[in-house]
Amino acid sequence: MDAEWREDQRRRGHAAAVALVEDGVDGVALSYVDNAGVTRVKAVPVARLPHAAAWGVGMSPVFDVFCVDDSITAGRSVGGPAGDLRLYPDLDRLVRLAGQPGWAWAPVDRYAQDGAEHPGCQRAFAHRAAARAEAAGVEVRMGFEIEWVVGTEESGGFAAACRGPAYGMTRMVELDEYCRDLLTALAAESVEVLQLHPEYSPGQFELSAAPLAPVAAADQVLLVRETVRAVSRRHGMEATFAPTVVAGTVGNGQHLHLSLRRDGANLFAGGPGRYGLTAAGESFLAGVLESLPALVAILAPSVPSHLRLVPSTWAGAYRCWGRENREAALRLVTGSEGETGETANAEVKCLDASANPYLAVGAVLTAGLAALDRGSTLPEEVAGDPAALDPAELARLGVERLPETVESALSRLEADEVLPGALGEYLYDAFTAVRRAEAALFADRSPEQVVAATRWRY
Ligand code: GLU
Ligand code: MG
């Protein structure tokens, strides 16, 4: 971050600001996701963008220990009112927000005032993991399936905005202009949408975004969620991405698909292993499978996550893998015969939107890359719903129920061989402090109370 870098940033920020003004944009929202999974923001008027690009925008490090209810906990080296960090917009990702005309948005990297990378920056963690993949000669693409529910808060609880059935065309007719506006808004933001459909729960929808490089995929999650939220509001509805919207019903997942290539060849197709897995592809997946209980601490990190992550709801509540098995936490997707070289990918299902998407992509990559060239193999696959198998069969297959509480997931994370080290001391400490504080916060609350307290936070 020398003078030359800052001058270059200022120039780029100025050029971007000129173009934004021409397009009638007044403000630029600069956001990131904290350890509670909440998107926090600072905004600048367009005229201030060049300065923000060169010098960042101030924000306290205490947000590293903010909880979902905005209470503040403390870690070993973070907490309290002192200190400042700088949020630097990534100008390569600057987008005009189609759902909020007059606004643009960019994700940020967080640095200290002396120009050092902030050890708590979740986006930097994702960047580091992506760089390790690149160094290993692996080209990674990641795509999220984003689920949400549209409705309104009524005195009696939550009321869905449409009445049609699961996957029902009726819902798309009820909300036809809304669905169309979503597609046009995302297209205007250059988000490539693969699919949009009504999901299982009342008022639930899902959108799959095209795969991108890991950090870009996480950035895209922020953009898609804010666009969905904004377009929903323009239609008089509220969107929620909370893992559980109504206690006891199917929740919102945010499944992560990943494809890996080496020298242009798909590591999940054309190999000698089961369903064409290559040795490296299988080993990567074995690494993810091995770390899944620990990964749950990051992928399904909140108290309401565990109301969602239950058997027989397609959430992926068991540590097992299976081809096209929607109850397996790790699903191998081969695609249609004839195009598997293009399409074969793996899906991590035990993930929801209370996860920080940067921590999620970084953690999954870390777990897989640690095993990439280790020659690890996957165990026997599970073909149906593991919940239907008796305990002896589950034990024979080595299948375990994923952690059922925040605390048990955190102890698996603590024991994991690679994840705490990859997060680094500061980020690991701040993240686990938040997760423990939230577990304590909700310890005596009923599922209904947990859901009511978190429904509109994600
Ligand atoms: N809503 C389910 C979940 O909580 C996922 C349904 C699906 O497979 O898309 O993860
Ligand atoms: Mg779905």
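Counting starts at 1 for both ligands and their atoms, following the listed order. Only a predicted model underlies this, so the values are computations on that prediction, with no experimental measurement involved.
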Is the shortest distance from a Lys or Arg side-chain nitrogen in [X] or [Y] to a carboxylate oxygen in the other one below 4.0 Å?
X      : Y      : answer
Arg229 : Glu226 : yes
Arg396 : Glu393 : yes
Glu400 : Arg412 : yes

Residue that, paired with Gln204, satisfies side chain to side chain contact (heavy atoms under 4.5 Å, CB included) out of Thr240, Val245, Asn252 =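 That would be Asn252.
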Selection residues 421-434 - residue pairs positive for side chain to side chain donor-acceptor pair (under 3.5 Å), sequence neighbours left out |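 Every pair satisfying side chain to side chain donor-acceptor pair (under 3.5 Å) with a residue in residues 421-434: Asp64-Tyr426.
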Ligand 1 atoms in contact with [X] (distance to a heavy atom under 4.0 Å):
X      : answer
Gly253 : 3 (C), 4 (O), 10 (O)
Val250 : 1 (N)
His255 : 3 (C), 5 (C), 7 (C), 8 (O), 9 (O), 10 (O)
Arg308 : 3 (C), 4 (O), 10 (O)
Glu206 : 9 (O)

Inspect the surroundings of CZ in Arg274 and state if more than 12 heavy atoms from other residues, nucleotides or ligands are less than 6.0 Å away.
->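 Atom CZ in Arg274 is crowded, with more than 12 foreign heavy atoms closer than 6.0 Å.
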Above 12 or not: heavy atoms from other molecules or residues under 6.0 Å from CD of Glu342?
->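 Not more than 12 within 6.0 Å, no.
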Going by the salt bridge (Lys or Arg N to Asp or Glu O under 4.0 Å) test, which pairs reach into residues 442-458, not counting sequence neighbours?
->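 Qualifying pairs, neighbours excluded: Asp70-Arg457, Glu153-Arg455.
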Protein contact of atom 1 (N) of ligand 1 - nearest heavy atom, named by residue and atom, plus distance =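 Scanning the protein heavy atoms, the shortest distance from atom 1 (N) of ligand 1 goes to Glu147 OE1, 2.7 Å.
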Listing by chain and number, what protein N/O/S atoms are under 2.8 Å from the Mg ion (ligand 2)?
->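 Sorted hits: Glu147 OE2, Glu199 OE2, Glu206 OE1.
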Nearest non-hydrogen atom to atom 8 (O) of ligand 1 belongs to which of Glu145, Arg326, Lys349?
->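 Answer by nearest heavy atom: Lys349.
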Salt bridge (charged side-chain N to carboxylate O under 4.0 Å, His left out) with Asp69: which residues, sequence neighbours excluded?
->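 Partners of Asp69 by the salt bridge (charged side-chain N to carboxylate O under 4.0 Å, His left out) criterion come out as none, since no residue qualifies.
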